[in-house]
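The figures that follow rest on heavy atoms only: side chains count, while hydrogens, waters and symmetry mates do not. Small disclaimer: the values here were computed from a predicted structure and weren't measured.
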Amino acid sequence: VQLQASGGGLVQTGGSLRLSCAASGFTLAYYAIGWFRQAPGKVREGVSCVTWSGGSTYLADSVKGRFTISRDNAKNTVYLQMNSLKPEDTAVYYCAVPRSHHYYSGSCIESGMGYWGKGTQVTVSS
């Protein structure tokens with residue numbers, strides 16, 4: 001199981017970025033997946049999660065109306081579209097999946113995930 005996050009970078013306040021999480025070694029279509037972020041000095045938090053079917057999604061209150069999670073199972077890839085970025089969105093962003101397929105704890109939290117990709121840095125300048 002491998003997850004590779006990409007798409008981070010430096011952007012000005014109000015700008016947009018699209019993060020990608022490419023999966024290899026397993027069929028992403030069978031897994032829930034989530035995006036998490038960790039800012040300096042803060043705990044890692046769940047940003048957005050989506051079930052394997054895409055029928056249920058979670059967005060943290062801080063990103064509602066600005067971020068969108070989507071999945072392209074044919075490409076084994078999940079995306080996080082981030083619009084209207086703010087300096088407080090600055091963090092390392094990670095994608096993760098549970099250890100079991102067709103499983104979602106119901107909460108977009110670290111303990112519900114078992115495999116993590118390396119993060120991608122997002123920096124929003126004011």
Side-chain angles (χ1 to χ4, degrees):
V1 173
Q2 287 192 331
L3 297 166
Q4 180 65 55
S6 62
L10 174 64
V11 64
Q12 292 185 332
T13 296
S16 298
L17 285 173
R18 188 177 79 156
L19 305 184
S20 299
C21 177
S24 59
F26 68 105
T27 303
L28 187 59
Y30 299 157
Y31 286 79
I33 189 164
W35 285 98
F36 296 76
R37 68 185 181 186
Q38 187 167 23
K42 295 189 176 181
V43 299
R44 190 153 53 184
E45 63 173 346
V47 176
S48 185
C49 290
V50 60
T51 54
W52 52 92
S53 66
S56 179
T57 59
Y58 164 87
L59 280 170
D61 287 343
S62 58
V63 306
K64 281 181 181 176
R66 301 187 298 120
F67 290 12
T68 304
I69 190 170
S70 62
R71 56 190 309 156
D72 186 341
N73 290 334
K75 294 184 178 180
N76 236 27
T77 301
V78 171
Y79 305 97
L80 185 68
Q81 178 66 44
M82 307 187 296
N83 299 326
S84 302
L85 283 161
K86 304 175 181 180
E88 51 264 43
D89 295 318
T90 295
V92 179
Y93 285 70
Y94 303 86
C95 53
V97 297
R99 287 197 178 276
S100 300
H101 57 80
H102 296 103
Y103 171 78
Y104 179 57
S105 69
S107 297
C108 193
I109 55 177
E110 277 193 80
S111 60
M113 302 296 167
Y115 298 103
W116 294 80
K118 292 182 180 179
T120 184
Q121 175 71 48
V122 172
T123 303
V124 185
S125 63
S126 57

Enquirer: Other residues, nucleotides and ligands only: do more than 12 of their heavy atoms fall within 6.0 Å of CD on Gln121?
Expert: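 Result for CD/Gln121: enclosed.
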Enquirer: Are Asp89 and Lys86 ion-paired here, with the side-chain N under 4.0 Å from a carboxylate O?
Expert: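 Salt bridge between Asp89 and Lys86, a charged N being under 4.0 Å from a carboxylate O: no.
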Enquirer: For a quick check under 3.5 Å, do Arg37 and Tyr93 share a side-chain donor-acceptor pair by atom type?
Expert: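 Arg37 vs Tyr93: donor-acceptor pair found between side chains.
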Enquirer: Please lay out, stage by stage, how Arg99 and Tyr115 fare under the test side-chain contact (heavy atoms from CB on, under 4.5 Å).
Expert: CA-CA 6 Å; Arg99 287 197 178 276; Tyr115 298 103; 3.6 Å; yes
Enquirer: Should Tyr94 and Tyr79 be counted in the same cluster of Ile, Leu, Val, Met, Phe, Trp and Tyr side chains packed under 4.5 Å apart?
Expert: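 Hydrophobic grouping puts Tyr94 apart from Tyr79.
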Enquirer: Show the numbers, then the answer: is there a side-chain hydrogen bond (donor to acceptor under 3.5 Å, both in side chains) between Thr77 and Asp72?
Expert: CA-CA 5 Å; Thr77 301; Asp72 186 341; over 6 Å; no
Enquirer: Is there a path from Tyr30 to Tyr103 through hydrophobic residues (I, L, V, M, F, W, Y) whose side chains come within less than 4.5 Å of each other?
Expert: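 Different clusters: Tyr30 never reaches Tyr103 through Ile, Leu, Val, Met, Phe, Trp or Tyr contacts under 4.5 Å.
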Enquirer: Applying a strict under-4.5 Å side-chain criterion to I, L, V, M, F, W and Y, I'd like to know whether Tyr31 and Leu19 cluster together.
Expert: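 Yes, one cluster joins them.
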Enquirer: Would Phe36 end up clustered with Val63 when hydrophobic side chains under 4.5 Å apart are linked, directly or stepwise?
Expert: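 Hydrophobic grouping puts Phe36 apart from Val63.
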Enquirer: So is Arg44 actually on top of Trp116's ring, under 6.0 Å and inside 45° of the axis?
Expert: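 Checked: cation-pi criterion met.
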Enquirer: Spell out, as yes or no, whether a donor-acceptor pair under 3.5 Å connects the side chain of Ser48 to the backbone of Tyr58.
Expert: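 Between the backbone of Tyr58 and the side chain of Ser48 there is a qualifying donor-acceptor contact (under 3.5 Å).
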Enquirer: Side-chain heavy atoms nearer than 4.5 Å, only ILVMFWY residues, links allowed to pass through others: does that put Ile33 and Met113 together?
Expert: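 As far as the 4.5 Å side-chain criterion goes, Met113 and Ile33 are not connected within one cluster.
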Enquirer: If I compare all heavy atoms of Leu3 with all of Ala23, which pair ends up nearest, and what's the gap?
Expert: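 Minimum heavy-atom contact is CD2-CB, 3.9 Å.
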Enquirer: Between the main-chain N or O of Thr90 and the side-chain N or O of Thr123, is there a donor-acceptor pair closer than 3.5 Å?
Expert: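 Between the backbone of Thr90 and the side chain of Thr123 there is no qualifying donor-acceptor contact (under 3.5 Å).
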Enquirer: Ignoring hydrogens and angles, tell me if any N or O in the side chain of Asn76 forms a donor-acceptor pair with the backbone of Leu28 under 3.5 Å.
Expert: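 Flag set: sc Asn76 to bb Leu28 pair under 3.5 Å.
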Enquirer: Mark yes when over 12 heavy atoms from residues, nucleotides or ligands other than His101 sit less than 6.0 Å from its NE2; otherwise mark no.
Expert: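 Counting neighbours around NE2 of His101, 12 or fewer heavy atoms of other residues, nucleotides or ligands fall under 6.0 Å, so no.
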